Structure formats: structure tokens, C-alpha cells
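Shown next, in C-alpha cells, is the structure this report addresses.
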Amino acid sequence: QVQLVESGGGSVQAGGSMTLSCKSSPPYRGCMAWFRQPPGKEREGVAAISPNDDSPVYIDSAKGRFTIAHDSAATVYLQIVNLKPDDTAKYYCAAESRSGTCSTRAEYMHWGQGTQVTVTV
């Protein structure tokens, strides 16, 4: 069982930046993704990355402001710039696509507890 622990959330003013981290234990080096669930809305995948693929995938609303990356320590990051109030959500890290397809729409086998991001005006 892979355990995922997110960190880096908090409250930030609109226009600011934030980097979320997700550490896997034991270290997982397969497909990993970030999801978010805004208040009162369904959870949605925002970005996914495979260590064997240099082309991360993003949903359209995340392109240009979100960057997903990973390091050799099996930690995956999500950097968000120019934060907007609509980015307010609980952000979750996920690992291991059930289908083997690394995408924002895949079903994932392992989930973290989430970290809250609140963007204020």
C-alpha cells in the first residue's frame, strides 16, 4: 500500500503563488496526479505526470498557471501561480492509475488526505 502525504496548502491572496508537495511512502515512481475539490463541487483531476514521460498533462483550466513536477525522491509537486479565488479547493495527490493510462481522468488506486488551499481577494 502506497501512502501519500500532501503539504504546502494554506491561505494566500489572489495573484500569489503556492507549491504543494506530495510524498509517497514507500517511494512510488509511477503515474501520479493532482486533483482538487472546490467547496460544494465534485473532485476533478488537474494534472498528471509519469516519471517515464516528459509531457505532463493538464486540464484546460490549469494550463499556463499550474505546473506538475516530480523529483528523484518520489515526491510530486504542484506549483500554482497567479492564484484565483476559483482555485480555492482541497487538493489531493493520487498515485497508480488503475488502467495504466496516466491522465487527469484516470481512476487512481492511492490517495492522500488532501491539503486545503484558500485564495482570498
Side-chain angles (χ1 to χ4, degrees):
Q1 181 78 4
V2 176
Q3 293 189 337
L4 304 173
V5 179
E6 303 96 335
S7 62
S11 183
V12 63
Q13 285 191 326
S17 300
M18 184 172 282
T19 298
L20 308 179
S21 302
C22 173
K23 186 171 179 62
S24 60
S25 178
Y28 180 78
R29 293 181 171 84
C31 174
M32 297 185 76
W34 283 97
F35 285 69
R36 68 180 180 182
Q37 186 167 19
K41 297 184 179 180
E42 292 187 356
R43 186 165 57 188
E44 65 173 353
V46 295
I49 188 169
S50 168
N52 300 319
D53 184 353
D54 293 331
S55 300
V57 293
Y58 302 92
I59 57 172
D60 286 345
S61 60
K63 292 177 181 177
R65 295 193 301 117
F66 289 55
T67 302
I68 187 171
H70 54 79
D71 64 16
S72 59
T75 297
V76 65
Y77 304 92
L78 184 70
Q79 182 187 46
I80 312 170
V81 300
N82 191 21
L83 279 153
K84 304 176 185 299
D86 284 348
D87 294 322
T88 294
K90 195 162 189 179
Y91 285 72
Y92 297 88
C93 175
E96 193 170 2
S97 165
R98 290 185 186 274
S99 67
T101 299
C102 196
S103 77
T104 58
R105 296 184 179 184
E107 289 188 16
Y108 288 82
M109 297 179 65
H110 311 290
W111 292 85
Q113 294 298 308
T115 185
Q116 179 68 37
V117 172
T118 301
V119 183
T120 59
V121 296

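All of these numbers come straight from a predicted model, not from anything done at the bench. No hydrogens, no waters, no symmetry mates; every other heavy atom, side chains included, goes into these values.
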_Looking at every heavy atom in both A95 and M32, which two are closest together, and how far apart are they?_
CB-CG, 4.1 Å
_I'd like to know whether CD of Q116 has more than 12 heavy-atom contacts from other residues, nucleotides or ligands below 6.0 angstrom._
yes
*Please report the shortest heavy-atom distance between S97 and Y108, naming the atom on each side.*
N-CD2, 3.7 Å
*Could you pull out the closest heavy-atom pair between S103 and C31, with the gap in Å?*
N-SG, 4.5 Å
*Ring-ring centroid check W34 F66, cutoff 6.0 Å*: no
_Contact summary for V46 and A62, nearest pair of heavy atoms_ = O-CB, 3.8 Å
*asked:* Would you compute the distance between atom NE2 of H70 and atom OG of S50 and round it to the nearest 0.5 angstrom?
replied: 7.0 Å
*Could you grab the distance from atom CD of E107 to atom CZ of R98, nearest 0.5 Å is fine?*
6.0 Å
_Nearest atoms (heavy-atom pairs only) where Y58 meets A47_ = CD2-CB, 3.6 Å
Donor-acceptor contacts, no H, no angles, side chain residues 9-29, under 3.5 Å, sequence neighbours left out:
unit_1	atom_1	unit_2	atom_2	d
S24	OG	Y28	N	2.9
S24	OG	A74	O	3.0
R29	NH2	S72	O	2.8

_Donor-acceptor check, side chain of Q113 to backbone of V5, threshold 3.5 angstrom: yes or no?_
no
_Restricting to non-hydrogen atoms, name the atom on Y91 and the atom on L78 that form the minimum distance, rounded to 0.1 Å._
CD2-CD2, 4.0 Å
*Do I49 and I80 share a hydrophobic cluster (ILVMFWY, side-chain heavy atoms under 4.5 Å, transitive)?*
yes
*For the residue pair R36 and V117, establish whether any side-chain heavy-atom pair is separated by less than 4.5 Å.*
no
*asked:* If we ignore hydrogens and angles and just use 3.5 Å, is the side chain of E6 paired with the main-chain N or O of C93 as donor and acceptor?
replied: yes
*Apply side-chain hydrogen bond (donor to acceptor under 3.5 Å, both in side chains) to K63 and list each qualifying residue two or more places apart in sequence or on a separate chain.*
D60
*Starting at OG1 of T88, measure out to CD of Q37 and round the result to the nearest 0.5 Å.*
13.5 Å
